[in-house]
Protein chains: 2
Amino acid sequence: MAKHDSRLDLLFTALGDPTRRAILTRLAQGAASVTELAAPHDMALPSFMKHLRKLEDAGFITSTKAGRIRSCALSADAFAPIETWLDAQRALWTARLDRHDDYVHKLYRRRQDETESEN
Amino acid sequence: MAKHDSRLDLLFTALGDPTRRAILTRLAQGAASVTELAAPHDMALPSFMKHLRKLEDAGFITSTKAGRIRSCALSADAFAPIETWLDAQRALWTARLDRHDDYVHKLYRRRQDETESEN
DNA sequence: ATCATGCTTAGCCATATGGCTAAGTTATGC
DNA sequence: GCATAACTTAGCCATATGGCTAAGCATGAT
């Protein structure tokens with residue numbers, strides 16, 4: 001299906017799951033080990049690890065292994081691409097609204113001119 | 001799996017597909033009919049309609065049918081919930097960084113005090 | 001040396017997703 | 001009124017996703 005998964009695809013779909021969003025929220029407050037992260041989630045470890053994997057694939061988190069403990073941390077700026085996309089989207093939208101305002105405004109003025117010329 | 005799909009789930013997963021993001025980008029510039037929207041996408045209509053359906057389920061777009069033509073438009077504020085989530089996320093993150101700065105700062109001062117008392 | 005801890009790998013399962021074709025249905029246009 | 005345009009419905013297919021168990025493998029504690 002999605003054959004080469006653009007960055008945005010990975011980012012947005014990673015956010016499209018409550019478990020993964022919860023992980024990010026937790027990590028926003030500081031790094032943690034896999035078992036620490038998993039604790040609040042009623043889920044077998046391997047299932048949980050798949051979520052971590054997706055977050056890491058998306059670039060939201062990084063992890064390093066020290067001894068038998070893997071420590072996960074939010075990667076700074078991971079949200080940048082999606083913020084950028086959202087900004088662009090908003091820009092288009094407001095530009096369009098402005099044009100629309102403009103159009104309405106012109107209509108209004110034309111209407112006024114016509115009304116005036118009637119007098 | 002996801003049994004009752006929270007709003008954010010719908011919103012983010014809807015954005016996790018290039019076709020759907022393209023549709024939103026197109027719609028940001030103004031309303032359009034289904035066939036107009038579908039034109040740039042090399043895809044059978046029913047497949048394309050599924051994407052529209054997801055966008056509508058998520059609340060990103062609204063559509064109304066006039067005669068045989070269904071017209072789609074971006075719904076204002078559709079992005080609000082995800083902006084809110086992102087803001088909250090950012091808030092946590094920066095709060096944590098601040099605390100960290102604070103910690104480093106205290107460490108630094110303590111170190112200075114110790115150094116001074118050595119003299 | 002042995003045992004528990006903390007992952008990790010492998011593999012299974014059900015459902016969801018994203019694509020398709022074929023066959024409706026409902027206006028419009030001629 | 002008949003064809004065409006613009007969806008719409010139904011159903012099929014392959015792959016992805018999100019969960020599981022069972023077993024493996026290092027590392028740390030005793």
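When reading the values below, keep in mind they use all heavy atoms of this one structure, side chains included, and skip hydrogens, waters and symmetry mates. Below, chains carry the letters A, B, ... as their sequence lines are ordered, and counting in each starts from 1.
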Next on the checklist: Under a 3.5 Å distance rule, please check whether A/Arg20 uses its side chain to pair with a backbone N or O of A/Thr13 as donor and acceptor.
Outcome noted: yes
Checklist outcome for this item: To the nearest angstrom, the CE-P distance between B/Met49 and D/dA10 comes to 13 Å
Next on the checklist: Between A/Arg26 and A/Leu37 (side chain of the first, backbone of the second, donor and acceptor by atom type, cut-off under 3.5 Å), is there such a pair?
Outcome noted: no
Please tabulate, one pair per line, each protein N/O and nucleotide N/O from nucleotides 23-25 of chain C that are separated by under 3.5 Å, including the distance.
none

Next on the checklist: Under a 3.5 Å distance rule, please check whether A/Ser75 uses its side chain to pair with a backbone N or O of A/Phe60 as donor and acceptor.
Outcome noted: yes
Checklist entry - Is the shortest side-chain N to carboxylate O distance from A/Lys54 to A/Asp17 below 4.0 Å? => result no
Checklist entry - Separation of B/Leu52 atom CG from D/dA6 atom C1', in whole Å? => result 13 Å
Item to check | Touch class at under 4.0 angstrom, heavy-atom based, for A/Arg53 against every strand present | outcome: nothing
Checklist entry - Under 4.0 Å between a Lys/Arg side-chain N and an Asp/Glu carboxylate O for A/Glu83 and B/Arg90? => result yes
Item to check | Under 3.5 Å: donor-acceptor pair, side chain of A/Gln89, backbone of B/Leu24 | outcome: yes
Checklist entry - Rounded to the nearest Å, what distance is computed from the CZ atom of residue A/Arg21 to the P atom of nucleotide D/dG18? => result 12 Å
Item to check | Distance, rounded to the nearest Å, where B/Arg20 contributes CZ and C/dG19 contributes P | outcome: 8 Å
Checklist entry - When you measure from every atom of DNA chain D, which of residues 32-44 of chain B have a heavy atom less than 4.0 Å away? => result B/Ser33, B/Val34, B/Thr35
Item to check | Side chain to side chain, A/Asp9 and B/Leu15, heavy atoms closer than 4.5 Å | outcome: no
Next on the checklist: For B/Ala80, is there any backbone N or O sitting under 3.5 Å from a side-chain donor or acceptor partner on B/Thr84?
Outcome noted: yes
Item to check | Contact under 4.0 Å: B/Lys54 side-chain N or O vs C/dG18 OP1/OP2 | outcome: yes
Next on the checklist: Does A/Asp87, at its CG atom, have more than 12 non-hydrogen atoms belonging to other residues, nucleotides or ligands within less than 6.0 Å?
Outcome noted: yes
Item to check | Spacing of A/Asp9 atom CG relative to D/dT17 atom P, expressed in whole Å | outcome: 11 Å
Checklist entry - Which comes earlier along DNA chain D counting from the 5' end, the contact point of B/Leu45 or that of A/Asp17, where each point is its nearest nucleotide? => result B/Leu45
Checklist entry - When the distance from NE2 of B/His51 to P of C/dT17 is rounded to whole Å, what number comes out? => result 12 Å
Item to check | Any A/Ser47 side-chain N or O less than 4.0 Å from OP1/OP2 of D/dG18 | outcome: no
Item to check | Between C/dC7 (P) and A/Lys50 (NZ): distance, integer Å | outcome: 18 Å
Checklist outcome for this item: So, with a heavy-atom separation below 4.0 Å from DNA chain C, the residues of residues 61-73 of chain A are A/Lys65, A/Arg68, A/Ile69, A/Arg70
Checklist entry - Okay, side chain of A/Arg70, backbone of A/Val34: is any donor-acceptor separation there less than 3.5 Å? => result no
Item to check | Distance in angstrom units between A/Phe48 CZ and C/dT8 P, rounded | outcome: 12 Å
Item to check | Criterion ring-ring contact (aromatic ring centres under 6.0 Å, His included) on A/Trp93 and B/Phe79, from CA distance to verdict | outcome: CA-CA 11 Å; A/Trp93 172 256; B/Phe79 290 88; 8.7 Å; no
Next on the checklist: With a 6.0 Å cut-off (strictly less than), is the heavy-atom count around CZ of B/Arg53, excluding the residue itself, greater than 12?
Outcome noted: no
